[in-house]
Colleague: 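Dropping the structure in here first, questions after.
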Amino acid sequence: MRSFSYTAPRTVDQAVEALVDGGPGSKVIAGGTNLYDLMKLRIESPQSVVDISRIPELHRIRTTGSEISFGAGARMADVADHPVIRRDYQALSESLWRAASQQLRNMATVGGNLLQRTRCSYFRGGRRIPL
């Protein structure tokens, strides 16, 4: 793995500033379960990594009447286990429980899971495929 700068902002504004300062190719992590793997395999080699896991508003899970919302930084296990989501949105809860192993669900974020890169073996083991 190549060296990189690491920043852990505490607000959204600080995160945006860190991404701008990091320049093109900066990467965001929260749980880090996908990016760190890709960095170890030298598929990704960002010069700057911005860790958004310490920004409270990105972890919030809200349920109001028939509406639910959760931040991109909410962990999969936390959303799946939320009492209102378990009761009223059983398909969402179950899909999150089945989406990954227990270890990954407890670290991986909903936003990271939606945006993760391909995990197929030909992608990881062969020539870089442009996305």
Side-chain angles (χ1 to χ4, degrees):
M1 190 164 29
R2 295 170 49 189
S3 62
F4 58 92
S5 69
Y6 172 85
T7 308
R10 302 229 178 235
T11 68
V12 171
D13 288 341
Q14 290 173 351
V16 170
E17 184 178 327
L19 286 168
V20 169
D21 291 347
S26 293
K27 298 291 181 179
V28 174
I29 62 164
T33 59
N34 186 242
L35 181 60
Y36 286 142
D37 285 347
L38 294 172
M39 290 169 69
K40 289 177 192 175
L41 294 170
R42 295 193 174 121
I43 293 169
E44 289 283 355
S45 54
Q47 292 182 354
S48 174
V49 173
V50 179
D51 183 347
I52 61 169
S53 66
R54 292 172 180 85
I55 302 175
E57 60 262 39
L58 298 182
H59 298 277
R60 291 194 181 116
I61 301 169
R62 292 190 181 111
T63 56
T64 309
S66 63
E67 294 182 14
I68 60 171
S69 67
F70 40 84
R75 286 190 295 272
M76 291 171 61
D78 294 339
V79 176
D81 199 37
H82 189 279
V84 173
I85 294 173
R86 276 195 343 236
R87 185 189 69 223
D88 297 340
Y89 303 92
Q90 294 171 5
L92 173 60
S93 178
E94 185 175 340
S95 68
L96 288 167
W97 283 124
R98 292 176 182 256
S101 67
Q102 179 178 358
Q103 293 87 345
L104 286 178
R105 282 192 311 270
N106 288 328
M107 284 293 298
T109 62
V110 176
N113 192 44
L114 290 172
L115 297 174
Q116 71 177 314
R117 298 219 19 214
T118 304
R119 290 189 177 267
C120 55
S121 60
Y122 65 85
F123 170 77
R124 290 182 176 248
R127 291 184 9 220
R128 185 174 173 110
I129 299 171
L131 299 177

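Note that the numbering runs from 1 along the sequence shown for the chain. Below, each value reflects all heavy atoms present in this structure, side chains not excepted, and no hydrogens, waters or symmetry copies.
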Colleague: Which pairs with one or both residues in residues 64-80 pass salt bridge (charged side-chain N to carboxylate O under 4.0 Å, His left out), sequence neighbours excluded?
Modeller: R75-D78

Colleague: List in chain and number order the residues that pass side chain to side chain contact (heavy atoms under 4.5 Å, CB included) with D88, two or more places apart in sequence or in another chain; answer none if no residue qualifies.
Modeller: V84

Colleague: About how many Å separate CG of L96 and NE2 of H82, when rounded to the nearest 0.5 Å?
Modeller: 13.0 Å

Colleague: Can you see which heavy atom on V28 is nearest to which on L35, and at what distance?
Modeller: O-CD2, 4.2 Å

Colleague: Tell me every residue that passes side chain to side chain contact (heavy atoms under 4.5 Å, CB included) with A74, counting only those two or more places apart in sequence or in another chain.
Modeller: I61, F70, V79

Colleague: Could you pull out all residues at least two apart from R98 that satisfy salt bridge (charged side-chain N to carboxylate O under 4.0 Å, His left out)?
Modeller: E94

Colleague: Output all residues satisfying salt bridge (charged side-chain N to carboxylate O under 4.0 Å, His left out) with D81, sequence neighbours left out; order by chain, then residue number.
Modeller: R86

Colleague: Looking at N113 and A99, what are the two nearest heavy atoms and their distance?
Modeller: ND2-CB, 4.4 Å

Colleague: Under the side chain to side chain contact (heavy atoms under 4.5 Å, CB included) rule, collect the residues that match up with S101, sequence neighbours excluded.
Modeller: Q103, L104

Colleague: Identify, with sequence neighbours excluded, every residue that meets salt bridge (charged side-chain N to carboxylate O under 4.0 Å, His left out) alongside R54.
Modeller: D51

Colleague: Output yes when a side-chain donor or acceptor of S93 lies under 3.5 Å from a complementary backbone atom of Y89, and no otherwise.
Modeller: no

Colleague: Identify the two heavy atoms, one from P46 and one from F4, that lie closest to each other, and give their separation to 0.1 Å.
Modeller: O-CB, 3.3 Å

Colleague: Mind checking side chain to side chain contact (heavy atoms under 4.5 Å, CB included) for Q102 and listing every partner two or more places apart, or none if nothing turns up?
Modeller: R105, N106

Colleague: Mind listing the side-chain donor-acceptor pairs of residues 7-20 below 3.5 Å, one per line with the distance, residues two or more places apart or on another chain?
Modeller:
residue, atom, partner, partner atom, Å
T11, OG1, Q14, N, 3.0
Q14, OE1, R10, N, 2.8
Q14, OE1, T11, N, 3.4

